[in-house]
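The structure under discussion appears below in the form of structure tokens.
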Amino acid sequence: MNKLNRLLKFLINSIFIITIGCKEEIVLTNQNYSSVLVVDGLISNEKGPYTVKLSFTSPLNDYSITPATNCLVTISDNKGNTETLSETMPGYYTTSATGIQGKIGNSYKLTLETSDGNKYESEFQEIKGLVEIDTINAEFTKKEHLDYPFGLPGYQFYVSTKIASNPNNYFLWIIEETYQYTADYKLDAIWDGTNILIEGADTISGYENLYRCWKTQKASNIFTGKTSNLVIPQIKNKPILFVGTNSKKLQERYSLLLKQCTVSFNAYLYWNSLEGILEQENILTTTQPYNLIGNIYNINNPNETVFGYFTVGSMSQKRIYVNTPTDVPFYYDLCYLTYDYAEIFKPLKAPVFLILLENGFWAEVKEPCIDCTSNGGSNEKPDFWVDY
């Protein structure tokens, strides 16, 4: 479970000591659990469809996510346009491809009704003027890390904005990462209980093209920035995501898609507060999250706690690709190999997936270890992907 989910559970299961600017130890209680609505949605000047995710918090020791299903969700603008979103999967509500479109200067609000009849909404928010990304840079370096005494190798990414026409600009950076990686081992043969079928010579149906994959995912990190404290309204070389060699992300080739969202001051305050909390290693001793209530409220009960934020902003995006230098150490576990022939070649054990070792002997490996899709990736190259 990621830090954000842990934070939500922490919020609903903790006693809050509302002390601004100080750190206090939080004592968890055994109070009765009450689920809280969580809203996550965004509309921008980029072409839709747009998605709003609705869920309920779960108890502190329960890692499951409870989607809020069968809700009535609408997005409206200040010009009288309204669209009702469709539930495309449990808890996910999406506009149509030809539906409502975000425009700079227009204002938008979210309205929703849960299956039990509770009604919620946000205030209208204006899409602010666009500030474009100037550059994204990547530096291969080592980062201090408790688990790696000599530092964790990896890429540190930086963003610079173009000079804005308005001195007061507030940013939320959203990162989507795509990486090319391989299965732990390349399949050489299969023992079918009678014969060893050699890959490439014999027919091994269903296991072709499972060695190399591409995986796309949204980074869980939150990054914010502002120009209101700068003489020149431009952010230069702000550190954002660090990607280390403790996973397969840098194994072959990595791409970072950075979306720079220019948001309102109130949206910045919310995301900046959450960013500060998630940066802490121990969220139980961090600054009190007194201001983490979002911009969604119960129409009939404004005192009800609602987590999350409906974000409105103008969007600029850029993509960067990096390759890992040679002879860089990686720190992730590989699948276990079995070398015992008496164990491997049992007739009733088939099929057995085999790797040919350099010494000419066979070793057994489990099926997920020769199937890159078992890690959630796809063996189909993305349309946007650029090779070396």
Side-chain angles (χ1 to χ4, degrees), residues 1-5 133-160 173-187 209-225 236-260 275 278-279 281 317-337 355 365-388:
M1 185 176 55
N2 62 34
K3 283 186 176 181
L4 184 54
N5 285 336
I133 298 172
D134 187 22
T135 59
I136 309 173
N137 296 314
E139 176 188 8
F140 197 81
T141 183
K142 286 187 176 181
K143 185 176 183 179
E144 292 184 3
H145 198 291
L146 292 176
D147 295 334
Y148 307 96
F150 300 103
L152 176 62
Y155 274 105
Q156 175 64 61
F157 292 89
Y158 301 87
V159 62
S160 296
W173 285 285
I174 302 167
I175 294 174
E176 183 179 279
E177 46 187 358
T178 302
Y179 56 98
Q180 177 181 305
Y181 68 99
T182 68
D184 281 0
Y185 298 98
K186 188 173 179 61
L187 179 68
N209 303 319
L210 291 180
Y211 180 63
R212 181 165 284 105
C213 279
W214 293 262
K215 185 174 183 178
T216 298
Q217 62 189 21
K218 183 179 177 181
S220 60
N221 309 70
I222 294 172
F223 301 98
T224 61
K236 293 185 177 181
N237 294 319
K238 175 183 172 61
I240 46 174
L241 189 67
F242 176 83
V243 181
T245 59
N246 55 341
S247 74
K248 287 190 175 183
K249 291 181 181 181
L250 296 180
Q251 185 195 40
E252 290 200 335
R253 186 161 169 78
Y254 178 91
S255 176
L256 182 148
L257 176 63
L258 182 64
K259 297 183 178 183
Q260 177 174 290
E275 177 186 16
L278 295 181
E279 285 178 349
E281 289 299 321
Q317 61 177 264
K318 277 185 180 291
R319 182 181 293 278
I320 185 175
Y321 292 85
V322 296
N323 302 318
T324 306
T326 57
D327 301 324
V328 171
F330 278 83
Y331 301 99
Y332 55 82
D333 295 331
L334 294 175
C335 289
Y336 177 79
L337 296 177
I355 307 299
V365 68
K366 299 301 181 184
E367 183 176 6
C369 304
I370 51 92
D371 180 2
C372 60
T373 65
S374 65
N375 289 324
S378 169
N379 60 353
E380 294 185 9
K381 185 189 300 184
D383 293 337
F384 61 80
W385 191 258
V386 177
D387 288 317
Y388 298 88

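As a basis for the values below, the full set of heavy atoms in this structure was taken, side chains included, without hydrogen atoms, waters or symmetry mates.
- A cation-pi arrangement is not found for Lys249 relative to Tyr254, the charged atom failing to lie both closer than 6.0 Å to the ring centre and inside a 45° cone about the ring normal.
- By the 4.5 Å heavy-atom criterion applied to side chains, Leu152 and Phe242 are counted as neighbours.
- Looking at heavy atoms from C-beta onward, Leu258 lies in side-chain contact with Trp173 at the 4.5 angstrom threshold.
- Judged by distance alone, the side chain of Gln180 and the main-chain N or O of Leu250 form no donor-acceptor pair under 3.5 Å.
- Glu177 places none of its side-chain heavy atoms less than 4.5 Å from the side chain of Leu256.
- Atom CZ of Phe150 sits in a sparse spot, with 12 or fewer heavy atoms from other residues, nucleotides or ligands closer than 6.0 Å.
- Judged by distance alone, the side chain of Lys318 and the main-chain N or O of Ile136 form no donor-acceptor pair under 3.5 Å.
- Between Tyr181 and Tyr179, the ring planes are tilted. Angles from 30° to 60° get that label.
- Taking CD from Glu176 and CD from Gln217, the interatomic distance works out to 9.5 Å, rounded to the nearest 0.5 Å.
- Heavy-atom contacts from other residues, nucleotides or ligands closer than 6.0 Å to CG of Leu334 number more than 12.
- Counted within 6.0 Å of CD on Glu380, heavy atoms from surrounding residues, nucleotides or ligands total 12 or fewer; the atom is thus considered open.
- Put simply, the side chain of Phe223 reaches to within 4.5 Å of the side chain of Leu241, judged on heavy atoms.
- Proximity of Gln156 to Pro239: side-chain heavy atoms (C-beta onward) are separated by under 4.5 Å at one or more points.
- Looking at every heavy atom in both residues, Val328 comes nearest to Pro153 through CG1-CB, 4.0 Å.
- No side-chain donor-acceptor contact under 3.5 Å links Tyr158 to the backbone of Thr135.
- Here the side chains of Ile175 and Phe157 are not in contact, with every heavy-atom distance at 4.5 Å or above.
- Applying the salt bridge (charged side-chain N to carboxylate O under 4.0 Å, His left out) rule to pairs touching residues 147-159 yields nothing, sequence neighbours excluded.
- Closest approach of Gly377 to Cys213, counting heavy atoms only: C-SG, 4.3 Å.
- Summarising the geometry, atom OH belonging to Tyr331 is positioned 13.5 Å from atom OG belonging to Ser247; distances are rounded to the nearest 0.5 Å.
- Note that the CD atom of Glu367 and the SG atom of Cys335 stand 11.5 Å from one another [nearest 0.5 Å].
- Shortest non-hydrogen contact noted between Lys186 and Ile370 is C-CG2, 4.4 Å.
- Taking the side chain as every heavy atom from C-beta outward, Tyr321 and Trp385 approach each other to under 4.5 Å.
- Once rounded to the nearest 0.5 Å, the distance linking OH of Tyr155 with CD1 of Ile320 reads 9.0 Å.
- The closest donor-acceptor contact from the side chain of Asp184 to the backbone of Cys369 lies at 3.5 Å or more, if one exists at all.
- For the pair Ser374 and Pro368, the tightest heavy-atom approach, listed with the atom from each and the gap, is OG-O, 2.9 Å.
- Side-chain atoms of Tyr185 never come within 3.5 Å of backbone atoms of Val365 as a donor-acceptor pair (strictly under, hydrogens ignored).
- The backbone N or O of Thr182 sits less than 3.5 Å from a side-chain atom of Gln251, completing a donor-acceptor pair.
- Atom NZ of Lys215 has more than 12 neighbouring heavy atoms from other residues, nucleotides or ligands inside a 6.0 Å radius.
- A donor-acceptor pair under 3.5 Å is absent between the side-chain atoms of Lys381 and the main chain of Trp214, judged by distance alone.
- A donor-acceptor contact under 3.5 angstrom links the side chains of Glu275 and Thr224, judged on distance only.
- Separation of atoms OG (Ser255) and CG (Asn323) is listed at 10.5 Å; rounding is to 0.5 Å.
- Residue Asn209 places its CG atom among 12 or fewer non-hydrogen atoms of other residues, nucleotides or ligands, all under 6.0 Å distant.
- Contact annotation: the side chain of Thr216 approaches that of Phe384 to within less than 4.5 Å [non-hydrogen atoms, C-beta and beyond].
- Put simply, OH on Tyr148 and NZ on Lys143 are 12.0 Å apart, with the number rounded to the nearest 0.5 Å.
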